[in-house]
Engineer: 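So that we are looking at the same thing, I have put the structure below in structure tokens.
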Number of protein chains: 4
Amino acid sequence: MSNSSEPVGAPRRRRKEARPSELTAAALALFVEKGFAATRLEDVAAHAGVSKGTLYLYFDSKEALFKAVIEEGIVARFVAAGEQAAAFDGTATDLLQHLLLAWWEQIGSTPLAGVAKLMISESRNFPEVTRYYHDKVIVRGRALMRSVLERGIANGEFRAVDIDSAIDVIFSPLLMLVLSRFSLAFCSGSDDPKSFLKKHIDLVLRGLSKEEAGR
Amino acid sequence: MSNSSEPVGAPRRRRKEARPSELTAAALALFVEKGFAATRLEDVAAHAGVSKGTLYLYFDSKEALFKAVIEEGIVARFVAAGEQAAAFDGTATDLLQHLLLAWWEQIGSTPLAGVAKLMISESRNFPEVTRYYHDKVIVRGRALMRSVLERGIANGEFRAVDIDSAIDVIFSPLLMLVLSRFSLAFCSGSDDPKSFLKKHIDLVLRGLSKEEAGR
Amino acid sequence: MSNSSEPVGAPRRRRKEARPSELTAAALALFVEKGFAATRLEDVAAHAGVSKGTLYLYFDSKEALFKAVIEEGIVARFVAAGEQAAAFDGTATDLLQHLLLAWWEQIGSTPLAGVAKLMISESRNFPEVTRYYHDKVIVRGRALMRSVLERGIANGEFRAVDIDSAIDVIFSPLLMLVLSRFSLAFCSGSDDPKSFLKKHIDLVLRGLSKEEAGR
Amino acid sequence: MSNSSEPVGAPRRRRKEARPSELTAAALALFVEKGFAATRLEDVAAHAGVSKGTLYLYFDSKEALFKAVIEEGIVARFVAAGEQAAAFDGTATDLLQHLLLAWWEQIGSTPLAGVAKLMISESRNFPEVTRYYHDKVIVRGRALMRSVLERGIANGEFRAVDIDSAIDVIFSPLLMLVLSRFSLAFCSGSDDPKSFLKKHIDLVLRGLSKEEAGR
DNA sequence: GATGAATGAGGATTCATTCAT
DNA sequence: TATGAATGAATCCTCATTCAT
């Protein structure tokens with residue numbers, strides 16, 4: 001789980017720059033696995049190869065660590081996705097396909113997808129972080145998808161569907177995939193997530209497509 | 001945490017009949033709100049209007065209470081739903097519509113829907129309960145829906161769709177609704193769940209329908 | 001140190017009424033001995049013959065325990081002293097003598113005298129408690145002594161001395177006695193506190209007396 | 001806490017000459033303010049403008065720092081006072097007055113007075129340091145005052161009072177002043193310590209004086 | 001059955017101390 | 001010499017669980 005690109009016997013000292021993300025990565029894994037309350041900081045520390053006290057050099061409290069876990073990487077990644085979409089030259093169809101696949105590559109298939117499950121589990125315990133996540137991830141994610149759909153509708157690629165419903169339909173299987181990975185398998189896609197995703201994309205695009213409406 | 005020495009479905013050792021469902025109801029509310037680990041039994045007892053010690057007259061441990069919360073009402077309700085479906089006289093279309101609305105009335109809109117969120121949050125901590133939930137709820141629910149779809153396809157109401165994909169498409173918005181109620185609002189349906197649900201039923205039925213394929 | 005008026009093998013349960021003062025007594029002894037920060041609550045509990053957790057049934061935190069230690073008995077005792085003084089029939093000379101001896105019997109020679117040393121040590125760490133102690137003990141104590149001196153001056157027993165200075169002179173050896181008992185022996189009275197106190201009373205009364213001023 | 005393996009007065013093992021008194025000064029301020037146990041070495045270091053580790057270049061442990069704080073300046077200053085007294089030419093009256101004022105100027109009004117409050121608070125935790133302080137400060141201080149009183153009695157300036165009692169009477173208000181500065185104000189002298197002190201000196205000298213016994 | 005006082009193992013947090021740089 | 005990142009023992013506090021009443 002810990003991607004150790006460093007030599008095994010390397011000294012553990014003097015890591016001040018790299019430490020926080022090592023710690024949040026370890027914390028994410030355990031928070032997703034056990035939940036916030038059931039995760040012991042000692043285990044987080046052990047997971048990251050440091051001692052208990054070291055955590056407190058970087059985070060004031062368990063709760064601060066939780067916040068950092070959520071913030072870590074989320075914003076940056078969404079900014080990147082937004083820029084990609086804005087600069088995209090191809091069709092809306094291609095863009096939609098690209099975005100969902102990119103989400104899978106960069107988030108859905110990585111430990112970062114655990115953030116979604118973590119937020120589902122802990123949202124009630126951290127209202128402030130929940131608002132942050134809602135504003136930075138959900139609202140932005142929906143806005144990004146909205147712009148794609150609007151572009152597609154405007155240039156005649158897509159039918160004039162109800163956009164919010166379409167976003168729901170597009171996003172809900174992604175959530176199902178995440179939950180399959182970190183929780184229960186509600187859906188049938190847990191065996192082969194990638195093909196499940198491609199089938200989903202296919203379905204969505206066919207449903208949106210203006211051509212061959214009769215299928 | 002999940003050292004479960006006895007099988008979930010095994011007969012409880014004592015006082016099964018007397019076990020007040022007020023206790024499991026209170027526990028469900030708090031487990032869903034705060035998570036299993038972060039819920040204090042003292043709060044559960046207070047919520048149910050009894051003393052801390054009384055809980056132990058009915059449940060051997062916090063974990064046993066958790067299991068009881070999951071079992072409570074779930075099995076009975078699914079049995080009822082299965083019987084209803086088996087005895088249903090009308091069209092598959094009507095049955096599908098009926099089942100989803102019944103789910104909303106009897107589960108989705110009630111505190112019982114919290115069980116789903118609870119299972120999502122705690123599945124990793126209670127593998128055995130998760131298996132139980134998977135077998136009793138997910139597998140049965142999918143089987144029930146499968147029989148409806150197969151019946152509809154057989155009698156020519158529905159197109160010959162891929163059934164597992166159809167079940168995913170049908171169930172995922174239900175999950176979204178639950179998460180909207182007890183966690184984050186990922187979807188746009190949190191404002192008016194019932195109309196969201198009806199719109200969803202409408203969409204599904206139209207998508208399944210053999211007639212007016214060209215829409 | 002623990003005045004055990006109960007049978008040794010007596011069950012430790014069901015003591016809810018008596019517990020708090022047992023706990024504050026144990027806490028006082030240790031706080032005075034080691035200071036607030038250096039005292040472990042586990043030791044306090046052991047001193048009182050209970051477990052660590054029991055402390056938290058009666059006091060919310062270590063700091064709450066500290067406050068309770070200071071409040072415990074202080075107010076009641078000062079009220080009693082004030083009433084005694086108000087109802088006193090004899091001369092101011094007798095009353096002054098009586099008050100100082102009563103202080104010694106009821107406070108100075110008992111563990112309660114430790115409260116003064118504790119306040120000296122911890123005043124800076126607990127400004128709020130310090131204000132309370134100042135208002136309830138120091139101000140009231142000085143007011144009580146002031147009334148005695150004023151009475152003595154009014155009826156011609158005492159010379160018209162500067163009252164605040166007289167109070168300082170009267171009280172400072174009491175403080176020295178306390179410090180001798182619980183801290184350093186700055187004064188020569190640590191060997192025989194009672195005779196030290198009597199010599200002091202004698203000195204004070206002779207200094208205040210209007211008669212035989214030339215001595 | 002007070003496991004002191006080496007005698008206090010023993011020669012420090014290293015760097016005695018280089019040991020910056022800024023460190024002991026900072027430590028004194030914080031020890032007096034918060035107490036020994038509640039003072040963090042990190043704060044001491046920050047107060048002195050050095051890093052935490054630097055403290056350990058000069059002091060082997062927190063306890064060693066405590067000892068150094070007590071030793072620092074105390075001995076030297078008392079030696080000086082003793083020499084001044086021995087070489088003093090004037091009357092005992094003048095000498096007594098001079099000594100008390102000198103104490104105020106060089107100790108009582110400076111941060112060094114905090115040492116007394118610190119010893120009061122921590123004496124029980126550091127028996128060995130307490131003995132050192134007792135021998136070096138209290139015993140010497142009383143001896144110095146004793147010699148002054150004896151000189152005054154011998155040459156007819158003072159009445160033949162009980163010397164130990166007189167020393168108590170002379171020193172106790174000094175203690176009150178210190179406690180007023182660093183702890184609670186038990187006495188009335190906290191507003192204007194210097195005039196309080198002068199009034200005290202006046203009182204003492206008048207009480208000792210052989211002349212005008214009738215006042 | 002019901003209560004709630006008591007327990008003590010467990011975990012978050014602090015901070016004196018070390019040591020590589 | 002000086003630093004400050006790292007450590008882990010120590011301690012406050014919580015809470016599941018027990019049991020005398």
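In the text below, chain A, chain B and the rest are named by the order of the sequence lines, each starting its count at 1. It should be emphasised that the depicted structure is a prediction, and the values quoted were computed from it without experimental measurement.
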Engineer: Kindly indicate whether the side chain of A:Lys34 and the base of E:dG11 share any N or O donor-acceptor pair separated by less than 3.5 Å?
Structural biologist: no
Engineer: Please report, rounded to the nearest Å, how far the P atom of F:dA16 is from the CD atom of B:Glu63.
Structural biologist: 13 Å
Engineer: Tell me which of A:Arg40 and B:Ser51 sits closer to the 5' end of DNA chain E, going by the nucleotide each one is nearest to.
Structural biologist: B:Ser51
Engineer: Start at the 5' end of DNA chain F and walk down; is the nucleotide closest to B:Thr39 or to C:Thr39 reached first?
Structural biologist: C:Thr39
Engineer: Nearest-Å distance, CZ (A:Arg19) to C1' (F:dT7)?
Structural biologist: 12 Å
Engineer: Convert the base pairs of DNA chain E into dot-bracket notation, remembering that pairs crossing earlier ones are written with [ ] and that bases paired across to another strand are shown as |; include only Watson-Crick or G-U pairs under 3.5 Å.
Structural biologist: .||||||||||||||||||||
Engineer: Here's a test of your reading of the structure: between A:Leu55 and C:Asp60, which maps to the more 5' nucleotide of DNA chain F?
Structural biologist: A:Leu55
Engineer: Distance to the ring centre below 6.0 angstrom and angle to the axis at most 45 degrees; does that hold for D:Lys62 and D:Phe36?
Structural biologist: yes
Engineer: Hey, is A:Glu22 close enough to A:Arg19 for a salt bridge, meaning N to O under 4.0 Å?
Structural biologist: yes
Engineer: When you check the side-chain N and O atoms of D:Ser21 and D:Thr24, is any donor under 3.5 Å from an acceptor?
Structural biologist: no
Engineer: When all nucleic acid strands are considered with a 4.0 Å heavy-atom cut-off, which category describes D:Lys62: base, sugar-phosphate, or nothing?
Structural biologist: sugar-phosphate
Engineer: In whole angstrom, what separates C:Phe59's CZ from F:dC12's P?
Structural biologist: 15 Å
Engineer: Separation of A:Phe66 atom CZ from E:dT13 atom C1', in whole Å?
Structural biologist: 20 Å
Engineer: A:Leu65 and A:Val44: which non-hydrogen atoms are nearest, and at how many Å?
Structural biologist: CD2-CG1, 4.3 Å
Engineer: Picking from F:dA16, E:dG4, F:dT3, which would you name as closest to the side chain of B:Leu41?
Structural biologist: F:dA16
Engineer: Give the rounded distance in Å between these two atoms: NZ of D:Lys52 and P of F:dA5.
Structural biologist: 9 Å
Engineer: Testing the 3.5 Å rule here: is there a donor-acceptor pair between the side chains of B:Thr130 and B:Ser123?
Structural biologist: no
Engineer: E:dA2, F:dA6, F:dT3: which one has an atom nearest the side-chain heavy atoms of B:Tyr58?
Structural biologist: E:dA2
Engineer: Given atom CD of B:Glu22 and atom P of E:dA2, what is their separation to the nearest angstrom?
Structural biologist: 11 Å
Engineer: Between B:Gly49 and A:Ala37, which is nearer to the 5' end of DNA chain E once each is assigned its nearest nucleotide?
Structural biologist: B:Gly49
Engineer: Once you round it to whole Å, what is the distance between P of E:dT7 and CD of B:Glu42?
Structural biologist: 17 Å
Engineer: Return yes if some donor-acceptor pair links the side-chain N/O of D:Lys34 with the main-chain N/O of C:Glu122 below 3.5 Å, else return no.
Structural biologist: no
Engineer: Can you tell me if the side-chain N/O atoms of D:Thr54 get under 4.0 Å from OP1 or OP2 in F:dA2?
Structural biologist: no
Engineer: So if I take every side-chain heavy atom of B:Tyr56 and compare against E:dG1, F:dA16, F:dC13, which nucleotide ends up nearest?
Structural biologist: F:dA16
Engineer: Would you find a donor on one side and an acceptor on the other, under 3.5 Å apart, between the side chain of B:Lys117 and the backbone of B:Val32?
Structural biologist: yes
